[in-house]
Amino acid sequence: MTAHRFAFSADAALLRELGERLVGQPHIALAELVKNAYDADAGRVAVAFGPDEIVVSDDGDGMTAREFGGFWMRIGSPHKQSIERTRLDRAPTGSKGIGRLAVQFLGTRLSIRTTSRETPDVQLRAEIEWSSAARSGTLTDTAVEVREEARQGTYAGDCTHGTEIVVSGLNQDWDEDALAALAQRIWQLQTPFRREDDAGFKVDLTHARRSAVEAFETQMRRNLDIWSARLRGRLLPRRSGDPAGFRRARLLLEFAGEDPIRHDYTMENCDLDAVDFEIRVFSLHRKQRYGIGVEDARRYLREHGGVHIYDAGFHLPYYGPDADWLRMEIDHSHRLARSELLPAELQVDRGLNNLPTLSRVYGVVNVDTSREWVVARNERRLRSDRYLQIQASRDRLVDNATYRSLRDIVRYAVDFYAVQQTMRTAQSVLSGGHDRPPRKVGFDRIGEILDAARDEMPAGVHRALSRQIRRAAAASDAEAARAAAEAERLGSLALTGLAALARERWVDEHRGELETLAERLRSSASVDPTEAADLLERLLDASGSASGRSTVPESATSATRRTRRRLVSVLKEASARTVALHPEVRFDYAAVGEDLRLPAGTAEEWSGLFHVLMLDACEEVGGSDRPTVAIRSGTEHGRAYVSILPSGYRTPGRRTVTDGVATGEAGVPHAGVAAIAARRLCCELARETGSGPGGTTLTWNDTGVAVGDRDRRDAVAHRPTSRAGAMPASS
């Protein structure tokens, strides 16, 4: 018997099909080349699109002849599986060695040039014709000539080592959509904001169409644009009258899709000269914008999240995802409910329940220790060690009183966010859930707890639980959205119906005048043209109000967008609709804050509510010699208010209006429906009771201030307790 020995061989067509099946789309194939550069510890990758070629150049480690033959030329090479972390402490993105197979369906020809970090004067060059490989039948029969020669030219970033791959004879057209899809595959490789250490990674793209480059760059940045809240703060410059040691800070807190809330606070015994920061909070328990995958975003924040400190632009390596210098993780794990920094008037029950963990934030704090030293020297604070300074190792700041002031300034802002988010959650529950349905709040909380316990359970169990939570949350979202839309529709119909009844009553009251005018016209009796024109104009105005026309033009998109609208703008719009029915009534806005903002709602919701309240007020002033409706606004103890007061009103007492108020109650024919609408807008409706005309007041939680509102900013000035201080009253 004759025995034969055969070696396995790989059919070229099969390997081509395998590559296409494993990778699937051109942008994924190109992303594999970029990921290879990342695994080679590149800091910069240049991707250039020519008329019929793609050039990918990096400044990574490059390859020696041994590495090229053993790794690049070996399909399915497992060498990355043995690498836990690279030289720059990166986790390899690939492990199966098949990504290069997909290059063949990007184009018909491949040219590769590489120079190892170990031999910067020598390069390897190889050419591969995929069509020749296909004709040979088996890929193992295809010989590739690799030339070793003196290095010619540099690589990305003008580096003397790296790898350059040229794919020509392109099979696809790379437009804006394709490049945006490419960015979706590789954005996780870049470090957020900026980093000056060697671990940074940047992809530069060149394309003939500027719009294509912009599509790529925009998508590469969007991972940090999916924030649910953003905190921007800074230490304000010293004022001549400020007592020594007291410094003012300003915070702008912005929830996604809403106007910023401005909040000023002061710190006691603060020797800092200057600091600014930005912290973004992410909610990663539902589908994200811009095609960002939830799991991708979670991995990214686990790798790069936390709050980082930069000293004059230099990243201090101690601060980041593993450094809890703000004690956020500790307080979160201990279920701390009350802030040690916020003053009493800003505290709410379980206010820190929404304190974010480090895996949900990315932030940058900017300081300058050199400048702090100069200022401390000029103020003779060097000997007492009262200035911000960096340790000799240059990896962290010295833990002294000034450093603790820095920590408190930033942590105060985080606590303020947590309390505001707790209030928003409670308001959403009470109002029926415009922002986050009650059940969805629970799912998000469960997801956060599950993430915190990730390391304490098997990976498979965590994945299964996370998947079930996401499915349940998605179902809850859909159900709540349907319920909210139905409730909003019914609420709007109720308010519209009340306004229509008022208009109908007004028309009935003037029907006699119209009949008299018509009779006089038919009998050819003398008619005063001015009087007739005035009556007809009032009817036309009422008709315009009935159709819902607004004196303030607004697009369909902005009219339906839920946002924090300026009170004075909404009042003027509603009063214009009301004056059409009550032209004898004057509205006084003198005491309304120009920049006071209402809770989030649509233009029609707010205009409809105030229109109904103003109609009630006009009924109250019917017998007055000079009918006036005065509108007042302000803040008291962290709550904002607006009062609608008919002339001659009295305020012997106030009580909250509920759903059960009888529609026939004197002077409040629409109070029940208005109260329901107000609660859906996170407000409380109160009615002045007693003899004579009464006023109506709306109140809502609003400890923050809108940008530019000096009066409300002063109204929420406070005296922080514990580690934070306050400006003395004498200042």
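Heavy atoms only: backbone and side chains are in, while hydrogens, waters and symmetry mates are out.
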Name the orientation class of the two ring planes belonging to His263 and Tyr412 (parallel below 30°, tilted from 30 to 60°, perpendicular beyond 60°).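 Rings of His263 and Tyr412: parallel, as their planes differ by under 30°.
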[X] side chain vs [Y] backbone, donor-acceptor pair below 3.5 Å:
X	Y	answer
Arg597	Arg564	yes
Asp311	Phe314	no
Arg90	Tyr38	yes
Arg247	Leu236	yes
Arg566	Glu594	yes
Gln347	Leu342	yes
Arg298	Leu284	yes
Arg360	Phe282	yes
Thr218	Glu214	yes
Glu372	Ala274	yes

How far apart are the C-alpha atoms of Phe416 and Leu251, what are their side-chain angles, what is the distance that settles it, and do they pass the side-chain contact (heavy atoms from CB on, under 4.5 Å) test? CA-CA 9 Å; Phe416 184 82; Leu251 170 67; 3.7 Å; yes
So does [X] pair up with [Y], basic N to acidic O under 4.0 Å?
X	Y	value
Arg565	Asp259	no
Glu329	Arg327	no
Asp225	Arg222	no
Asp415	Arg411	yes

Are [X] and [Y] close enough that some pair of their side-chain heavy atoms sits under 4.5 Å apart?
X	Y	answer
Leu346	Val419	no
Ile631	Leu567	no
Trp325	Tyr403	yes
Leu355	Leu336	no
Tyr641	Cys683	no
Arg248	Leu235	no
Val367	Leu388	yes
Met328	Val414	yes

Of the non-hydrogen atoms in [X] and [Y], which two are nearest, and what is the gap between them?
X	Y	result
Tyr319	Arg396	OH-CB, 3.6 Å
Ile226	Ala297	CD1-CB, 4.2 Å
Phe216	Ala183	O-CB, 3.6 Å
Pro260	Arg232	CG-NH2, 4.3 Å
Ala323	Tyr318	CB-O, 3.0 Å

Take Val375 and Tyr387 through the side-chain contact (heavy atoms from CB on, under 4.5 Å) test and state the conclusion after the steps. CA-CA 9 Å; Val375 173; Tyr387 66 99; over 6 Å; no
Test of understanding: with salt bridge (charged side-chain N to carboxylate O under 4.0 Å, His left out), list the residues that count as partners of Asp588, not counting sequence neighbours.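 Asp588 satisfies salt bridge (charged side-chain N to carboxylate O under 4.0 Å, His left out) with Arg632 only.
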Identify, with sequence neighbours excluded, every residue that meets side-chain contact (heavy atoms from CB on, under 4.5 Å) alongside Gln190.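 For Gln190, the residues satisfying side-chain contact (heavy atoms from CB on, under 4.5 Å) (neighbours in sequence not counted) are Trp187, Met220, Asn223, Tyr300.
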Starting at [atom1] of [X], measure out to [atom2] of [Y] and round the result to the nearest 0.5 Å.
X	Y	atom1	atom2	answer
Phe201	Arg44	CZ	CZ	11.0 Å
Leu224	Leu301	CG	CG	7.5 Å
Ser633	Leu571	OG	CG	8.0 Å
Ile409	Leu341	CD1	CG	10.5 Å
Leu596	Thr635	CG	OG1	8.0 Å
Gln421	Ser283	CD	OG	8.0 Å

Are Thr697 and Ser643 close enough, and set up right, to give a side chain to side chain donor-acceptor pair (under 3.5 Å), and what steps lead you there? CA-CA 4 Å; Thr697 299; Ser643 297; 2.8 Å; yes
Scan Asn400, Leu397, Leu382 and name whichever one has a side-chain contact (heavy atoms from CB on, under 4.5 Å) with Gln389.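 Checked Asn400, Leu397, Leu382 against Gln389; only one passes side-chain contact (heavy atoms from CB on, under 4.5 Å): Asn400.
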How about CZ on Arg350, more than 12 heavy atoms from neighbouring residues, nucleotides or ligands closer than 6.0 Å, or not?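 No, not enclosed.
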More than 12 heavy atoms of other residues, nucleotides or ligands under 6.0 Å from CZ of Arg371: is that the case?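 Counting neighbours around CZ of Arg371, 12 or fewer heavy atoms of other residues, nucleotides or ligands fall under 6.0 Å, so no.
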Just by distance, no angles: are the side chains of Glu605 and Thr602 close enough, under 3.5 Å, to form a donor-acceptor pair?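 Side-chain D/A pair, Glu605 to Thr602: present.
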Donor-acceptor side-chain pairing of Asp41 and Thr86 below 3.5 angstrom: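 A donor-acceptor contact under 3.5 Å links the two side chains.
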How far apart are the C-alpha atoms of Lys202 and Asp204, what are their side-chain angles, what is the distance that settles it, and do they pass the salt bridge (Lys or Arg N to Asp or Glu O under 4.0 Å) test? CA-CA 7 Å; Lys202 189 175 189 309; Asp204 296 314; 2.6 Å; yes
Give the intermediate values and the outcome of salt bridge (Lys or Arg N to Asp or Glu O under 4.0 Å) for residues Arg424 and Glu258. CA-CA 13 Å; Arg424 287 164 55 86; Glu258 300 181 19; 2.9 Å; yes
Phe610 and Ile644: side-chain contact (heavy atoms from CB on, under 4.5 Å), yes or no, with the steps? CA-CA 9 Å; Phe610 278 110; Ile644 302 174; 3.8 Å; yes
Check for me whether Arg234 meets the cation-pi criterion with Phe277, that is, NZ or CZ under 6.0 Å from the six-membered ring centre and within 45 degrees of the ring axis.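 No.
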What do the steps show when you test Asp273 against Arg238 for salt bridge (Lys or Arg N to Asp or Glu O under 4.0 Å), and what is the final call? CA-CA 9 Å; Asp273 179 66; Arg238 290 184 175 89; 3.3 Å; yes
From CA spacing to verdict: side-chain contact (heavy atoms from CB on, under 4.5 Å), Leu231, Glu254: CA-CA 7 Å; Leu231 296 76; Glu254 182 180 3; over 6 Å; no
